[in-house]
Amino acid sequence: MRNKRTYIISILVSLTICSLTRSAIIQGSNSPNDSIELSAEVLRDKIRGGLLGQMLGNLNGLQHEMKYINEPGSVEEYTPALPEGARTDDDTDLEWVYIVAMQRHNGIMLPPRLIVQLWKERINKRIWCSNQYARQLMDIGFEPPLTGGIVLNPWADFNISGQFICESFGLLAPGMPQTAARIGLNYTRVTIDAEPAQTTQLFTTMIATAFTTNDIDKIIDAGVNAIDTKCAIRQIVNDVRWWHRLHPDNWRTTRWLVKEKYSRHNGAMRDRNGYELNTASTIAALLYGQGDFVKTLKTAFNFGWDADNNAATSGTIVGVVKGYRWIMSQGWQIVDRYRNTTRDDMPMDETITSFADRLIDLAGRVIAEQGGQRKNVDGQIVYHIRLEKAANIVPLTDFTEQAARLRSKMKSEIEGTIISGDDDQKLAFAAYSAICLDLAQPLRQKYPKQWAKALEAMNHYPKVVQVLFFHSPVPAGEQLRKKAIAAGLKKPERKIKIW
């Protein structure tokens, strides 16, 4: 009876005690209008700790990925280790591509055209779901954030890319959650939108906040302040915090409650790794982990679903709190290597610390750009950081509003291309856009020959047609397929490999 009651109750538990990590802060407080000074040594330690925590959670969590769906895992013993070093995986390697490019191009917010160039050159394999779909949209001329728009990409409204491609960007903005969210959104919205964009703001804010406090509840409070008041993510976080308060010693009950409330898609993909389950699992791992690194990751593993993602995000946060030196002092077997097994035209000699050093270098730039500075205090290098208050940067996207806005903006261009276009890429872009924006039927009736030509141009990009018909088994994908068939686009005879 009690479980039933807790199932329907959702109350935000706000614990407001701030406990700043004394070793991390030389002076200052966490007031939104204040500043802090972090020694270069501590900044380096926390960024390295966050990245290593992310890699341990990701790679140690792979053996638990998608293993525990209906029931939780039963991991009792766990010792963090990377005996062969780390390797590239999509939980870290997409961020790595961006980080290296930021250094090479001497800028933090890479523009859409450059992002597309990076994907075409370097991100062509070991990508799934929304990432794979966005990559194919790039081939017919779409750029971010359209590649991740909910009207154009059927995965974008629930995919977890907003979470597992955001952690490194939180590390770039210590104590500056709004900046962390802006940076994160510039890269996660390449593939996601709507609620997943709220998860980007939630977790980048939490990571940025972990530089200034070791209080997990305070870190979560900041994350909640960074998301739209209307978003489902807020309710998910509130639910998990409430269930944890009711069952502080029984994570299994909370896991059952999460499954009962948020597994509501009849066992489809969204009941395995959508933002609902992953966000809930990550928050639960942090709450039940109580700041203990091993306990946090073990809880993330046992909660299951896409466990490596949740362990990577929670591991980043606790890794920042604990720091690299603490992690390395535990005697765990960790080899300093980051082996490139997935990304073209990227370094083959990277290490965990050299990856972290890239982040440290860029973090210094972000600090300066946001009004802080690097200075010498009594022979010690310190970073003066202007603190930011957590706040929502990008509100929750509405499908109807986005569709209307894009239709108004693109209608003339689409029609003009259909009428007189002779470039296959532009024609394919126009045809795909028209299908998504409900402009296909009037164009087909008014310009039948030109429309047929545009559909033929789409067929010249078989991977685009493949992801539309075979690689988006989600409700939005089914709706898009119906529109495409009604517009005259024929389903391919067989499914082919994308990579």
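Computed from a predicted structure; not experimentally measured.
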With distance as the sole test, does Tyr187 use its side chain to make a donor-acceptor pair with the main-chain N or O of Leu110 at under 3.5 Å?
yes
Least distance between heavy atoms, Trp251 atom then Pro72 atom:
CZ3-CB, 3.6 Å
Report the C-alpha separation of Glu95 and Ser168 in whole Å, then their side-chain angles, then the decisive distance to 0.1 Å, and conclude whether the side-chain hydrogen bond (donor to acceptor under 3.5 Å, both in side chains) test is met.
CA-CA 7 Å; Glu95 292 155 89; Ser168 294; 3.0 Å; yes
Using a 6.0 Å cut-off, check whether atom NZ of Lys409 has over 12 heavy atoms from anything other than its own residue.
no
From CA spacing to verdict: side chain to side chain contact (heavy atoms under 4.5 Å, CB included), Glu456, Asn459:
CA-CA 5 Å; Glu456 182 57 31; Asn459 287 319; 3.9 Å; yes
For side-chain hydrogen bond (donor to acceptor under 3.5 Å, both in side chains), just list the numbers for Gln198 and Asn392, CA-CA rounded to whole Å, side-chain angles, deciding distance to a tenth of an Å, and then say yes or no.
CA-CA 8 Å; Gln198 300 304 309; Asn392 183 239; 3.2 Å; yes
Between Leu468 and Val464, does a side chain to side chain contact (heavy atoms under 4.5 Å, CB included) hold up when you go through it step by step?
CA-CA 6 Å; Leu468 194 163; Val464 175; 5.7 Å; no
A quick test of your reading: do over 12 heavy atoms of other residues, nucleotides or ligands sit less than 6.0 Å from CD of Gln103?
yes
Asp336 versus Ile352: any side-chain heavy-atom pair under 4.5 Å?
yes
Tightest non-hydrogen contact, residues Ala134 and Val190, listed as CB-O, 3.7 Å
Any side-chain to backbone donor/acceptor pair from Asp271 onto Asn266? Under 3.5 Å, distance only.
yes
When you check the gap from the basic side-chain N to the acidic O, do Glu478 and Arg481 get nearer than 4.0 Å?
yes
Between the side chain of Glu143 and the main-chain N/O of Val116, is any donor-acceptor distance below 3.5 Å?
no
Side chain to side chain contact (heavy atoms under 4.5 Å, CB included), that's the test. Do Tyr262 and Thr279 meet it? Break it down for me.
CA-CA 11 Å; Tyr262 292 108; Thr279 297; over 6 Å; no
Give a yes or no on whether the backbone of Ile150 and the side-chain of Gln402 come within a donor-acceptor separation of less than 3.5 Å.
yes
Hey, could you give me the CD/CG distance between Glu195 and Asn159, rounded to the nearest 0.5 Å?
13.5 Å
Find out whether Asn60 and Leu297 are in side-chain contact, i.e. whether some heavy atom of one side chain is under 4.5 Å from a heavy atom of the other.
no
Taken to the nearest 0.5 Å, the spacing of Ile140 CD1 from His460 NE2 works out to 13.5 Å
Got His471 and Gln136 here, is their nearest side-chain heavy-atom distance under 4.5 Å?
no
Could you tell me whether a side-chain N or O of Gln117 sits under 3.5 Å from a main-chain N or O of Arg113, the two making a donor and an acceptor?
no
Does the side chain of Arg494 come within less than 4.5 Å of Phe470's, by heavy atoms?
no
If you apply the rule side chain to side chain contact (heavy atoms under 4.5 Å, CB included), what do you find for Ile236 with Ile233, and how did you get there?
CA-CA 5 Å; Ile236 292 167; Ile233 298 298; 4.3 Å; yes
Take atom CG of Asp345 as the centre, draw a 6.0 Å sphere, and report whether it contains more than 12 heavy atoms from other residues, nucleotides or ligands.
yes
Assert yes or no for the condition that the ring centre distance of Tyr432 to Tyr461 is strictly below 6.0 Å.
no
Backbone N or O of Gly162 within a donor-acceptor pair of the Thr200 side chain at under 3.5 Å?
yes
Hey, are Glu350 and Asn340 close enough side-chain-wise for a donor-acceptor pair under 3.5 Å?
no
Taking Gln466 for the side chain and Ile498 for the main chain, is one N or O donor matched with an acceptor at less than 3.5 Å?
no
List the atom of Pro177, the atom of Thr209, and the distance in Å for their closest heavy-atom pair.
CB-OG1, 4.5 Å
Tell me whether Glu84 at atom CD has more than 12 heavy atoms from other residues, nucleotides or ligands lying less than 6.0 Å away.
no
Just checking, Arg122 and Trp96: is the charged tip under 6.0 Å from the six-membered ring centre and within 45° of the axis?
no
Heavy-atom donor-acceptor pair, Gln441 side chain to Ala486 backbone, under 3.5 Å
yes
What's the separation between atom CZ in Arg255 and atom CD in Glu260, rounded to the nearest 0.5 Å?
10.5 Å
Do the non-hydrogen side-chain atoms of Asn273 and Leu277 ever get within less than 4.5 Å of each other?
no
Looking at every non-hydrogen atom in both residues, tell me the closest pair between Asn309 and Glu167 and how far apart they are.
O-OE2, 4.4 Å
Rounded distance [0.5 Å steps], CZ in Phe164 versus OG1 in Thr316:
13.5 Å
What one should report as the nearest heavy-atom pair of Asp344 and Lys125 is OD1-NZ, 3.8 Å
Which residue in the set Leu51, Leu171, Ile219 passes side-chain contact (heavy atoms from CB on, under 4.5 Å) when paired with Val320?
Leu171
Pair Ser161-Thr188, side-chain donor/acceptor within less than 3.5 Å:
no
Please check if the distance between the ring centroids of His244 and Tyr288 is under 6.0 Å.
yes
Distance-only donor-acceptor check, side chains Thr92 and Tyr338, under 3.5 Å
yes
Using 4.0 Å as the upper bound for N to carboxylate O, is an ion pair formed by Asp139 and Arg135?
yes
Side-chain contact test, heavy atoms from C-beta onward, threshold under 4.5 Å: evaluate it for Trp243 versus Thr253 and give yes or no.
no
Do Phe303 and Tyr68 have ring centroids that are under 6.0 Å from one another?
no
Is there a side-chain contact between Leu94 and Arg343, using heavy atoms and a 4.5 Å cut-off?
yes
Working to the nearest 0.5 Å, report the span between CG of Leu202 and CD of Gln163.
8.0 Å
Hey, does the side chain of Gln132 reach the backbone of Val467 with a donor-acceptor pair shorter than 3.5 angstrom?
no
Is the side chain of Lys67 donor-acceptor paired with the backbone N or O of Gly304 at a distance under 3.5 Å, no angle test?
no
Would you say the side chains of Asn225 and Thr205 form a donor-acceptor pair under 3.5 Å?
no
Rounded distance [0.5 Å steps], CG in Asp89 versus OG1 in Thr341
8.0 Å
A quick test of your reading: do over 12 heavy atoms of other residues, nucleotides or ligands sit less than 6.0 Å from NZ of Lys483?
yes
Decide yes or no for Arg270 and Tyr275: does some side-chain heavy atom of the first lie under 4.5 Å from some side-chain heavy atom of the second?
yes
What is the minimum heavy-atom distance between Ala194 and Leu396, and which atoms define it?
C-CD1, 3.6 Å
Would you say Thr88 and Thr342 are linked by a side-chain donor-acceptor pair, where the criterion is simply a distance under 3.5 Å?
yes
